[in-house]
Amino acid sequence: MWTVIYIAPNKLIAEKYKAILTEEGMLVQLRPIGSAHLAEHASVEILVPESEAEEAHEIITGAIGS
């Protein structure tokens, strides 16, 4: 089961956080929210397997703070 751990305001930030989580060895999916015509400016959900959600959230929180 995939779990949303963060909603990024745009694709660029989502890709940045995906790279950080991937470097930590996590599986990550990105899922745009809303209309396709918004493209790069749409919010994006960052999802990880449920078993990794707590750790992934901590990593993202640390990345936001730095």
Side-chain angles (χ1 to χ4, degrees):
M1 179 66 108
W2 290 88
T3 302
V4 176
I5 57 150
Y6 186 74
I7 299 176
N10 58 52
K11 186 176 179 181
L12 182 65
I13 292 172
E15 291 287 350
K16 174 185 169 185
Y17 292 152
K18 178 181 179 180
I20 291 169
L21 293 170
T22 301
E23 286 176 16
E24 295 290 330
M26 297 188 170
L27 297 173
V28 182
Q29 289 185 357
L30 300 180
R31 184 169 58 197
I33 300 172
S35 301
H37 76 274
L38 294 174
E40 302 292 316
H41 304 292
S43 295
V44 179
E45 293 178 332
I46 300 174
L47 300 96
V48 298
E50 188 174 3
S51 62
E52 299 179 340
E54 188 175 334
E55 182 182 357
H57 188 265
E58 289 175 10
I59 292 168
I60 292 293
T61 302
I64 293 169
S66 60

Worksheet item: Taking all atoms of both residues into account, what is the closest heavy-atom pair of A56 and I5, and its distance?
Response: CB-CD1, 3.6 Å

Practice prompt. Work out which heavy atom in Y17 is nearest to a heavy atom in I60; give both atom names and the distance.
Written response: CB-CD1, 3.3 Å

Practice prompt. Compare every heavy atom of V48 with every heavy atom of A53, then report the nearest pair and how far apart it is.
Written response: CA-CG2, 3.6 Å

Worksheet item: When rounded to the nearest 0.5 angstrom, what distance separates NZ in K16 from CG in N10?
Response: 10.5 Å

Practice prompt. Please indicate whether E54 has more than 12 foreign heavy atoms, meaning atoms of other residues, nucleotides or ligands, lying under 6.0 Å from its CD.
Written response: no

Response to the item:
Separation between CD (Q29) and CG (L21), nearest 0.5 Å, reads 12.5 Å

Fill in: Contacts of type salt bridge (Lys or Arg N to Asp or Glu O under 4.0 Å), residue E52, not counting sequence neighbours
none

Discussion item. With clusters defined by side-chain heavy atoms of hydrophobic residues (ILVMFWY) lying less than 4.5 Å apart, directly or transitively, does L12 cluster with I33?
Written reply: no

Worksheet item: Does the side chain of V44 come within less than 4.5 Å of E15's, by heavy atoms?
Response: no

Response to the item:
Closest non-hydrogen atoms of I64 and Y6, given as atom of the first, atom of the second and distance, are CD1-CE1, 3.5 Å

Discussion item. With heavy-atom distances below 4.5 Å as the criterion, would you say the side chains of L30 and I46 are in contact?
Written reply: yes

Response to the item:
Separation between CD (E24) and CD (E55), nearest 0.5 Å, reads 7.0 Å

Worksheet item: Could you give the distance from CD1 (I20) to CD1 (I59), rounded to the nearest 0.5 Å?
Response: 9.0 Å

